[in-house]
J.: 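One structure is given below, represented as structure tokens, and several questions about it will come after.
Lettering of chains follows the sequences in order, A, B, ..., and the numbering in each one begins at 1. Below, each value reflects all heavy atoms present in this structure, side chains not excepted, and no hydrogens, waters or symmetry copies.
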Amino acid sequence: MKLYPEYKGLNLPDIDKKMLQQWEEHKIFEKSIEQRPEEKRWVFYEGPPSANGMPGIHHVMSRAIKDLFCRYHTLKGYRVERKGGWDTHGLPIELSVEKKLGITKDDIGKSISIEDYNARCKETVMQFKSEWDDITRKMGYWVDLHNPYITYENEYIESVWFLLEKLHDKGLLYKGYTIQPYSPAAGTGLSSHELNMPGAYKEVKDTTVVALFKVTKSADAGFLFDDENEDVRIAAWTTTPWTLPSNTALSAGPNIDYVKVKTSNPYTHTPVSVIMAEALVANWFGGKNQPLIESQSTSFKGSALKGIRYEPLLDYGNPIEPLLEGTDAYLVLTGDHVTTSDGTGIVHTAPSFGADDQRVAKANGVGTLTLVDLSGKFKESVGPFSGRYVKDYKDEVDYASVDVDIAILLKTEGKALNVQKYEHNYPHCWRTDKPVLYYPMDSWFVKTTAVKERMIELNKTINWKPAHTGEKRFGNWLENLQDWNLSRSRFWGIPLPIWRTEDGHEERCIGSIDELAKAIDDANAALGIKQYVPADLHRPFIDEVILVSTDGRPMKRETDLIDVWFDSGSMPYAQWHYPFDNVDVFKRNYPADFIAEGVDQTRGWFFTLHAISTMVFDSVAYKNVVSNGLVLDKNGQKMSKRLGNAADPFKTLEKYGADATRWYMLSNAQPWDNLKFDEEGIQESTRKLFSTLYNTYSFFALYANLDKWSADDTSIPGVADRPEIDRWILSRLHTLINAYRSDMDDFDVTTACRRIELFVNDHLSNWYVRLNRRRFWKGELSDDKRAAYATLHECLVSVSKMISPVAPFFSDWLYGSLAGADANQLESVHLTDLPTSDAALLDEALIRRMDYAQQISSLILSIRKKEKLRVRLPLRRILLPVINNQFQADIEQVKELILSEVNVKGIEYITDTAGIVSKIAKPNFKTLGKRLGKNMKLAAGIIQEMDQEAIAKFEIDGTFAIDIEGESFALDREDIEVVSEDIPGWQVASEDGVTVALDITLDDELRAEGTARELVNRIQNIRKSSGLEVTDRISILVEPLEGIEEAIAGYGAYIKTETLADDIAVFAPKSPKGDSSIAKVDWLEGEEISIRVEKI
RNA sequence: AGUCUCGUAGCUCAGUUGGUUAGAGCACUACACUGAUAAUGUAGGGGUCGGCAGUUCAAAUCUGCCCGAGACUACCA
């Protein structure tokens, strides 16, 4: 009977499937939560994905991070509930529906009803839900998908309304008419965080114009004219020529120096006088292809220009629209926003298309012109430009740039000083990729600026990973906070629950369905109508509800929807339908201990959670947050479907398994650094960690089964009674447990993974198992064997627990395999408690000794290599100069390990090393530098040149005096390190102060033993390749090459024991031929040897 | 344009408060070891630590400027 299952090979994807089945069958996820106490919670919030698109490999990354810290805290005994969620509203969904139906925003409400349209949105939103569920399952992300929160459900919406009402009550919700980023292509205003989506700002080449505004003669302007007929024009630069028809003012800097330059118009060649900032004249005049300066006036301040009037540049007879009742136009204003960093020092001002422009216009009683409509085209009253799109919003085949045509017109009319292409950053709509316009719009705002200081304060209490994302990126964002534009003039989203009278004097914000019902009853009674609370709170139904004002007038709903980011930022409350249900549940689960998303959410979800939480509850929404970087392709390019370099997460998981993929992603680079995703890296993780663990387990299982040893063995020796090397690996293990816990508590999973890899590979597999193989397969079950089994078993079980957060499948498979017949083992590694470090097992001295053993072994092997002395050939002795008091005692305890590892018979120590070992003295720069300062270099030279005698004296006295420029310094042992370097007449190697010498003298006995070991090796190889069982007994015949007979004579018993042979002899005729049972294998120096191995 | 992060071997990454000759893994070459191993050991090639200055006895590390990458901020025309 086999206690421990033995496998035929490692297949991670198969393990995934097997474990998934087990988890589901035995409800392991549910148990992992339910078995933990209610009162010891660790709260996690799931940032809702949208099932509107396919999951990508970067989702595997970000969800692995969420998953692993939840699993880790589960192992630490916390109850970690993970409610899933879906983000269901928003522009991406609407746009995909528009595209599918082949309609535009204008058609909604006309060719398709809002009701039908929203129904399509609702269908579309869960389009890829099954793919998402599939990847969630396959990647091993434990999240509750049975009871997710869904942002389009009435209950969710009601909670959001509750929050909005709270904001309204606090006076934090207001309506304003401001210049806002607006996407004509999407037909909606954009919030500042949408504008700050990665990639929104694009480098574009625009036509820029320096336009010339003709000054009207007047008393104020008199000083600008040298004579009656002078053509005086003010130069203003713009990167958006399409705003020039809407120009109503020019702005100058009051303290900037301006001059008038006499020149000729470069396009019409007529004389003209141009006014611009003195500092910028050189940018526009006198260069190649630039007009010449005929004369230049003395300078005057910008304030002198104030009030000067000019002729409209492109006058199509449109009436000036009032701003704050002001309707003045075509005059020079002054403002502090004007600089001389580029342009002409005079700013073309179109108050409808610029925030600064509107501000100065309002301050000066100037009106505006809005000659562009909401679809992004000129109105019908703009002369030759009427009806043309100001930017290419429709992907027209032969779109001609209006900017260029305006520039041409200005050129021909002598109204341009310069026209050129200019490259600059301009914001684009993140959904449509089209340039944004700044447009005056009515919008509802959340007055986040009112709680700015509190948000900054609270942010300081949040633990950000990495810290700079919170301190710098998020911190700076909060410092420069603007009010949050909540309005979206779309259809599929949470309706703003605000009703207003027509004149806007009375408004009401509804915070619950009950409140709405009452308000409807009141309205029905007052207005004599019959309406009900709609079954669906979305548009268009909610739009039909009319409420009544205190003085009996009808109130209509503001038609805006709210920003979807408000939806997701409301999830801490709305996921529980707080405060209408689950008040206790909410209180237990707020704020979150942990959230994690991509760093691109800094201004998205991270912000909206923080903002709503601060405003409504005066609390943080989360205490710890991990922001992860992007997943790039292996060349560092951004993954995109268009480039075809996007890794398919399903294929990746299918091919390598979830664990290797997860382990690779988290161990390769810190999560917040961008990851260059390379499949070879996954293979490396498979080899380095999973194969090694698999092989270590297989080794254990093979011999434990042979011995019928089980982990519940009651006669295992206590750790103190186990051999040095067992105590060493346990000391290493418990050191690892300590470090692992502290890394993971600090959310540093990468360092934790790397530590585990180091332990598994270097310590456990390559040292502990390799050196202990004989203990496992030699002889009958003994206390020593029990100790070895128990030690290795403990290491593997502990490792399986520690890797389980990152590698949930393999770890559980390993843990399950290690259970054997032990009834004490639990159903799943995910139901266990994390191992705790036992301080009694930590032994620094032991680790130091073992380090010496490894180092000395390595040095001996390097000498062997240099001398071409193969390891099977035994040597007599190692010579070790004793470097300190503890050294010899240390080595004595690991002596046997070294000797067997390097195949040498003994170690001798040299204590009185003077005269035998040649040494060098090394200055300790750290201690000496502080004392000696600039004399350091000289001192270092003196120390390095100390001769053997001086070093010997220093070693005895412990002090050495040096004189530098008349000053004397006494150096002690701390200041000078003495290192053995060479032992004349010996083969020597040294490293880090440890020197070893090897006696390489050979004699017949050593040669015979060496030959015997070579023979054992060949025979073992033959046993293995001919398929013999480990326990089969054999009889051996060997071809008597040189040295063979001596080896058999001297070491026959040894060979027989090692190879389980009953007898060994040489062939009678020296080299028999034609016998197929004879193997011919490589022998020394390129020879071949014939050996016959026969099963008895 | 500004802010932040970053730039170390062909690749992926370490590098403690400044300290001597800058490391590991992968990959490559040769040799060795192995009755657990797709593993491992030894040796080798491979680096102006992005560049230039500066501070210091001493700089991959600190400072300044520049170059390059990325993210963020910003419609100043």
Side-chain angles (χ1 to χ4, degrees), chain A residues 9-10 179 181 195-196 198 201 208 236-240 243 250-251 335-339 341-350 353-357 424-427 436-438 466 468-469 471-473 476-477 480 599-600 602-603 629-630 634 636 668-670 672-674 676 678 680-681 683-684 686-688 691-692 694-703 750 754 757-758 761-762 765-766 769-770 773 776-777 857-858 861-866 868 870-872 922-929 932-940 944 1017 1020-1021 1023-1024 1028 1030 1058-1059:
Chain A
L10 177 64
I179 305 297
L195 215 54
N196 293 325
Y201 278 84
T208 66
W237 182 60
T238 180
T239 56
T240 50
T243 61
L250 293 171
S251 302
D336 290 330
H337 65 290
V338 181
T339 68
S341 58
D342 47 22
T344 63
I346 293 166
V347 175
H348 144 61
T349 302
F353 303 110
D356 278 338
D357 301 31
H424 64 147
N425 269 319
Y426 196 81
V436 158
L437 295 190
Y438 286 84
H468 58 80
T469 301
E471 285 161 20
K472 301 286 170 55
R473 190 184 275 207
N476 287 347
W477 161 258
N480 300 316
V599 70
D600 52 335
T602 309
R603 269 68 177 192
L630 304 169
K634 65 177 174 185
N668 185 65
Q670 296 284 0
W672 37 86
D673 289 333
N674 289 347
K676 290 180 187 167
D678 187 352
E680 279 181 35
Q683 289 169 18
E684 195 178 321
T686 307
R687 275 204 315 274
K688 275 169 72 172
S691 290
T692 307
Y694 166 80
N695 287 322
T696 306
Y697 167 77
S698 302
F699 173 82
F700 164 82
L702 176 66
Y703 293 108
T750 305
R754 289 175 179 171
E757 278 181 359
L758 183 76
N761 258 305
D762 293 10
S765 174
N766 291 332
V769 174
R770 190 159 59 84
R773 275 168 302 180
F776 289 90
W777 52 263
S857 300
S858 163
L861 290 172
S862 97
I863 298 173
R864 276 185 172 273
K865 158 74 186 162
K866 204 170 11 172
K868 296 192 193 311
R870 62 174 67 69
V871 181
R872 290 196 198 94
K922 287 183 175 180
N924 181 346
F925 282 73
K926 214 165 182 172
T927 59
L928 288 172
L932 298 179
K934 65 178 185 306
N935 295 322
M936 185 64 224
K937 255 186 189 142
L938 285 169
Q944 275 153 4
N1017 168 257
Q1020 301 287 37
N1021 287 343
R1023 282 188 65 119
K1024 194 178 183 181
L1028 292 182
V1030 184
E1058 288 296 310
T1059 61

J.: Between A/Q670 (CD) and B/rC13 (C1'), how many Å, whole number?
T.: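 Going from CD in A/Q670 over to C1' in B/rC13 covers 10 Å.
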J.: Counting the atoms with a prime plus P, OP1 and OP2 as sugar-phosphate, which does A/N1017 contact under 4.0 Å by heavy atoms, base, sugar-phosphate, or nothing?
T.: sugar-phosphate
J.: Could you tell me whether A/E680 atom CD has more than 12 heavy atoms of other residues or ligands within 6.0 Å of it?
T.: no
J.: Under 4.0 Å, heavy atoms only, any strand: does A/T927 hit a base, just the sugar-phosphate, or nothing?
T.: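 Contact class for A/T927: none.
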J.: Which one, B/rU20, B/rU42, B/rG70, comes nearest to the side chain of A/S858?
T.: B/rU42
J.: Any idea which of B/rA36, B/rU20, B/rG25 is nearest the A/E684 side chain?
T.: B/rG25
J.: With rounding to the closest Å, how many angstrom separate the P atoms on B/rA39 and B/rU20?
T.: 35 Å
J.: Measure the distance from CG on A/D678 to P on B/rU12 and round it to the nearest whole Å.
T.: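 The distance from CG of A/D678 to P of B/rU12 comes to 9 Å, rounded to the nearest Å.
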J.: For the CG atom of A/N761 and the OG1 atom of A/T692, what is their distance to the nearest 0.5 Å?
T.: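 If we round to the nearest 0.5 Å, A/N761:CG and A/T692:OG1 are 4.5 Å apart.
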J.: Describe the nucleic acid contact of A/Q1020 in one word from base, sugar-phosphate, nothing, applying a heavy-atom distance below 4.0 Å.
T.: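 Contact class for A/Q1020: base.
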J.: When you compare B/rA59 with B/rG19, how far apart are their C1' atoms, in angstrom units rounded to a whole number?
T.: 10 Å
J.: In whole angstrom, what separates A/K926's NZ from B/rA58's P?
T.: 18 Å
J.: With a 4.0 Å cut-off on heavy atoms, is A/R754 in touch with a base, just the backbone sugar-phosphate, or nothing at all?
T.: sugar-phosphate
J.: Between the main-chain N or O of A/E1058 and the side-chain N or O of A/Q1020, is there a donor-acceptor pair closer than 3.5 Å?
T.: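 Confirmed, A/Q1020 side chain pairs with A/E1058 backbone.
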J.: For a quick test of reading the model, state the closest non-hydrogen atom pair linking A/V338 to A/V347 and the distance between them.
T.: CG2-CG2, 3.9 Å
J.: Taking the C1' atom in each of B/rA9 and B/rG15, what is the distance between them to the nearest angstrom?
T.: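 My reading of the C1' atoms in B/rA9 and B/rG15 gives 14 Å.
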J.: For the C1' atoms, the ones on B/rC65 and on B/rA27, what distance do you get once it is rounded to whole angstrom?
T.: 38 Å
J.: Starting at OG1 of A/T696, measure out to CG of A/N766 and round the result to the nearest 0.5 Å.
T.: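 The distance works out to 8.5 Å.
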J.: Take the angle between the ring planes of A/F699 and A/F776 and call it parallel below 30°, perpendicular above 60°, tilted in between.
T.: perpendicular
J.: Would you measure the distance from the P atom in B/rA32 across to the matching atom in B/rU16 and give it in whole Å?
T.: 40 Å
J.: Over how many whole Å does the gap from A/R870 atom CZ to B/rA30 atom C1' extend?
T.: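 Those two atoms, CZ and C1', are 16 Å apart.
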J.: Using a heavy-atom cut-off of under 4.0 Å over every strand shown, decide if A/A940 touches base, sugar-phosphate, or nothing.
T.: nothing
J.: Picking from B/rU37, B/rC4, B/rG19, which would you name as closest to the side chain of A/S765?
T.: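 Of all the options, the side chain of A/S765 is nearest to B/rU37.
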J.: From the set B/rU20, B/rA36, B/rU73, return the single nucleotide nearest to any side-chain atom of A/P923.
T.: B/rU20
J.: Among B/rU37, B/rU20, B/rA32, which is the nearest nucleotide to the side chain of A/R773?
T.: B/rU37
J.: Among the candidates B/rU37, B/rG25, B/rC13, find the nucleotide nearest to the side-chain atoms of A/N695.
T.: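 Selected nucleotide: B/rU37.
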J.: Between B/rG23 and B/rC31, how far apart are the P atoms? Round to whole Å, please.
T.: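 That atom pair is separated by 27 Å.
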J.: On RNA chain B, does the nearest nucleotide to A/R687 precede the nearest nucleotide to A/T696 from the 5' side, or the other way round? Give the residue.
T.: A/R687
J.: Is the distance from OP1 or OP2 of B/rU12 to the nearest side-chain N or O of A/K676 less than 4.0 Å?
T.: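 For A/K676, the contact criterion (side-chain N or O under 4.0 Å from OP1 or OP2 of B/rU12) is met.
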J.: When rounded to the nearest Å, what value does the distance between P atoms of B/rC6 and B/rA14 take?
T.: 11 Å
J.: Determine which bases of RNA chain B form Watson-Crick or G-U wobble pairs with both distances under 3.5 Å, and write the result as a 5' to 3' dot-bracket string with | for other-strand partners.
T.: (((((((..((((.....[...)))).(((((.......))))).....(((((..]....))))))))))))....
J.: Counting only side-chain heavy atoms from C-beta out, which of B/rC13, B/rU12, B/rA32 sits nearest to A/A669?
T.: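 That would be B/rC13.
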J.: Reading RNA chain B from 5' onward, which residue's closest nucleotide shows up sooner: A/L861 or A/F353?
T.: A/L861
J.: Students often get this wrong, so: under 4.0 angstrom with heavy atoms, is A/L702 touching a base, only sugar-phosphate, or nothing?
T.: nothing
J.: Nearest-Å distance, NZ (A/K688) to P (B/rC26)?
T.: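 Nearest whole value for this atom pair: 6 Å.
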J.: Look at all strands and tell whether A/P466 reaches a base, only sugar-phosphate, or nothing, counting heavy atoms closer than 4.0 Å.
T.: nothing
J.: Just checking A/T239: base, sugar-phosphate only, or nothing, at a heavy-atom cut-off of under 4.0 Å?
T.: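 It contacts sugar-phosphate atoms only.
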J.: B/rA14 P sits how many Å from A/E757 CD, rounded?
T.: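 In whole Å, B/rA14 P lies 13 Å from A/E757 CD.
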J.: Identify which nucleotide among B/rC33, B/rU42, B/rC57 has an atom closest to any side-chain atom of A/S862, counting heavy atoms from C-beta outward.
T.: B/rU42
J.: Could you state the atom-to-atom distance from CG of A/N766 to C1' of B/rA38 in whole Å?
T.: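 After rounding, the reported distance stands at 13 Å.
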J.: Take atom CZ of A/R864 and atom P of B/rA32, then tell me their distance rounded to the nearest Å.
T.: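 Rounded to the whole Å, the gap is 13 Å.
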J.: Just verifying a value: how many Å separate A/L10 CG and A/R687 CZ, rounded to the nearest 0.5 Å?
T.: 13.0 Å
J.: Going from CG on A/L702 to CG on A/N695, what distance comes out if it is rounded to the nearest 0.5 angstrom?
T.: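 Going from the CG atom of A/L702 to the CG atom of A/N695 covers 12.0 Å.
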J.: Looking at B/rU37, B/rA32, B/rU20, which one has an atom nearest to any side-chain atom of A/Q944?
T.: B/rU20
J.: Students often get this wrong, so: under 4.0 angstrom with heavy atoms, is A/T692 touching a base, only sugar-phosphate, or nothing?
T.: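 No contact at all - A/T692 keeps every heavy atom at 4.0 Å or more from the nucleic acid.
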J.: Write down the atom of A/R864, the atom of A/R870, and the distance for their closest heavy-atom approach.
T.: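 In terms of heavy atoms, the two residues are closest at NH1-O, 2.5 Å.
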J.: Using the C1' atoms only, state how far B/rC57 lies from B/rC13, rounded to an integer number of Å.
T.: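 My reading of the C1' atoms in B/rC13 and B/rC57 gives 33 Å.
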J.: Tell me what A/Y703 touches on the nucleic acid: a base, only sugar-phosphate, or nothing, going by heavy atoms under 4.0 Å.
T.: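 Contact class for A/Y703: sugar-phosphate only.
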J.: When rounded to the nearest 0.5 angstrom, what is the spacing between CG in A/D678 and CD in A/Q683?
T.: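 Those atoms lie 8.5 Å apart.
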J.: Of all residues at least two apart in sequence or in a different chain, which pass the side chain to side chain donor-acceptor pair (under 3.5 Å) check with A/Q944?
T.: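 Here no residue qualifies.
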